[in-house]
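Only a predicted model underlies this, so the values are computations on that prediction, with no experimental measurement involved. Position 1 is the first residue of the sequence, and the numbers go up from there.
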Amino acid sequence: MQAAPGKGRQPGRWIVRFGLTLGAMTVSMWASAEAQTLDRVRSSSTVKLGYDANARPFSFKAEGESATGYAVSLCMEVVEELKRELGIADLAVEWIELTREAADHAIRQGSADLFCGASPVTLTRRKEVSFSIAIFPSGTGAVLNASAPLALREVLTQGRPSDRPIWRGSPARTVLNQKTFSPIAGTTSEDWLAERIKTFQLSATIAAVENYDQGIANILNGESDVLFGDLPLLLDAAARGENSGDLIVLQRHFTYEPLALVVARNDEDFRIVVDRALSRTYRSEDFPAFFSEWFGPPDDTIVTFFRQTTLPE
């Protein structure tokens, strides 16, 4: 396996002539948008990989490196598959730093061929871009200060304080009212949190933060009571700081959101190459060690997830 750092078909040609110029223009635009990633990579001998520099351990910028992380390493496996598919031994890799919000636009415009980060698969995003098979089972998690009231931890973990009424009733709502909840801006946790507060009619404040490090800092200094974000990213951010002992990461998924690599819509030839690379990687005897580098040894649940995700040849 490579450490982090099919033969493409010619663009489709429409030979049916339409009587209307507008119809011909529409068809031409549709043809040029489809299945051109492999042709673009082959003609330039370069693949453009986008990555999020603030999505540890999936993708981030390490000292002296342009990009590294679990998703970045998986993308390098895709590069090896592209070399075999296109017969280009010296295929160059251009890394493009993108925010998760900018990634979909870059993929749509063709300024990036593949986005390597912690990207949740949602129906809304699938209107604009497509995705590989899943690279990780994720979802919204939460981080609290270790000094947070026990009742708050209980309500967030099990929906109610011990031996007390359920979430919707008192004192569960009392525990959640007048709290400051911080989602990571631009993630699905932001919309999920807003919907939860509206549904349960809570008198709480939403204070979105730009990244996980800022969110952790706000939990430690008391500006926020709870930080919501992708659970594996929360675990990594909490573990990296000097004050990790002052934090509690709840072992609960509030939502289930599989993560995947982002590819262009209507480009199945390229997507097949990506999915083949991932499937071969997951089936490899080396995959447990590959996974462990970023997350520690995989448990039975993770092993089962990747076995079920792998596509047969």
Side-chain angles (χ1 to χ4, degrees), residues 54-58 100 118 120 122-124 136-259 295-296 299 301-302:
N54 296 295
R56 294 180 63 115
F58 290 88
R100 187 154 71 176
T122 67
L123 292 174
T124 299
F136 199 89
S138 187
T140 299
V143 172
L144 296 80
N145 195 303
S147 63
L150 177 59
L152 177 60
R153 292 164 52 185
E154 290 176 340
V155 168
L156 291 172
T157 301
Q158 60 197 33
R160 61 183 180 182
S162 297
D163 300 320
R164 299 188 184 189
I166 60 175
W167 176 281
R168 200 181 274 274
S170 177
R173 285 183 60 195
T174 303
V175 171
L176 297 170
N177 279 334
Q178 309 307 318
K179 297 294 188 295
T180 299
F181 300 123
S182 291
I184 303 299
T187 67
T188 53
S189 62
E190 188 172 23
D191 292 335
W192 170 84
L193 179 60
E195 191 275 333
R196 292 291 87 189
I197 289 179
K198 179 180 179 181
T199 297
F200 296 113
Q201 301 178 354
L202 299 177
S203 298
T205 300
I206 297 179
V209 292
E210 292 301 317
N211 54 59
Y212 287 84
D213 289 340
Q214 179 188 347
I216 292 295
N218 287 358
I219 291 294
L220 291 170
N221 64 28
E223 289 186 31
S224 298
D225 295 292
V226 186
L227 172 65
F228 291 97
D230 295 334
L231 183 55
L233 276 67
L234 289 173
L235 287 166
D236 180 81
R240 280 188 285 112
E242 297 179 357
N243 304 104
S244 58
D246 297 327
L247 298 167
I248 296 175
V249 183
L250 300 183
Q251 295 302 307
R252 176 187 177 184
H253 281 99
F254 293 87
T255 64
Y256 173 66
E257 302 167 37
L259 305 180
F295 302 104
D299 58 23
T301 302
I302 289 292

Asks: Step through the shown structure and confirm whether more than 12 heavy atoms of other residues, nucleotides or ligands are within 6.0 Å of CD on E242.
Replies: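 Open: at most 12 neighbouring heavy atoms sit under 6.0 Å from CD of E242.
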Asks: Rounded to the nearest 0.5 Å, how far apart are CG of L152 and CD1 of I248?
Replies: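 L152 atom CG to I248 atom CD1 measures 10.0 Å (nearest 0.5 Å).
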Asks: Please report the interatomic distance CD(Q201) to CG(N177), rounded to the nearest 0.5 Å.
Replies: 10.5 Å
Asks: I need the S224 OG to I206 CD1 distance, nearest 0.5 Å.
Replies: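 S224 atom OG to I206 atom CD1 measures 11.5 Å (nearest 0.5 Å).
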Asks: What distance do R196 atom CZ and L176 atom CG have between them, rounded to the nearest 0.5 Å?
Replies: 12.0 Å
Asks: What is the minimum heavy-atom distance between A238 and V249, and which atoms define it?
Replies: CB-CG2, 3.8 Å
Asks: Looking at R100 and D230, does any basic side-chain N land under 4.0 Å from a carboxylate oxygen?
Replies: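 D230 and R100: salt-bridged.
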Asks: Identify the two heavy atoms, one from R252 and one from L231, that lie closest to each other, and give their separation to 0.1 Å.
Replies: O-CD2, 4.2 Å
Asks: Test your reading of the model: is there a side-chain donor-acceptor pair from S182 to the backbone of A207, 3.5 Å cut-off?
Replies: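 Flag set: sc S182 to bb A207 pair under 3.5 Å.
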Asks: Please report the closest heavy-atom contact between T199 and E195, naming both atoms and the distance.
Replies: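 That closest heavy-atom pairing would be OG1-OE2, 2.6 Å.
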Asks: For residues 136-148, run the donor-acceptor check on the side chains, cut-off 3.5 Å, and write out each pair with its distance to 0.1 Å, sequence neighbours left out.
Replies:
| residue | atom | partner | partner atom | Å |
| --- | --- | --- | --- | --- |
| T140 | OG1 | T255 | OG1 | 3.1 |
| T140 | OG1 | E257 | OE2 | 3.3 |
| N145 | OD1 | S147 | N | 3.0 |
| N145 | OD1 | S147 | OG | 2.9 |
| N145 | ND2 | I219 | O | 3.2 |

Asks: Just wondering, do F181 and T205 contact through their side chains at under 4.5 Å, heavy atoms?
Replies: no
Asks: Side-chain contact, heavy-atom cut-off 4.5 Å: I216 with N243?
Replies: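 A side-chain contact under 4.5 Å is absent here.
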Asks: Are any of the side-chain heavy atoms of N218 and L227 separated by less than 4.5 Å?
Replies: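 Answer no - side chains too far apart.
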Asks: If only side-chain N and O atoms count, and only distance matters, is there a donor-acceptor pair under 3.5 Å linking T122 with T124?
Replies: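 Note: T124 and T122 side chains miss the donor-acceptor criterion.
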Asks: Within the 4.5 Å heavy-atom criterion, are R56 and L233 side-chain neighbours or not?
Replies: no
Asks: Do Y212 and N54 have side chains that approach each other closer than 4.5 Å (heavy atoms only, starting at C-beta)?
Replies: no
Asks: Keeping D225 on the side-chain end and T180 on the backbone end, is there a donor-acceptor pair under 3.5 Å?
Replies: yes
Asks: Is there a donor-acceptor pair closer than 3.5 Å between any side-chain N or O of Q214 and the backbone N or O of E210?
Replies: yes
Asks: Would you mind reporting whether I184 and F228 have side-chain heavy atoms less than 4.5 Å apart?
Replies: no
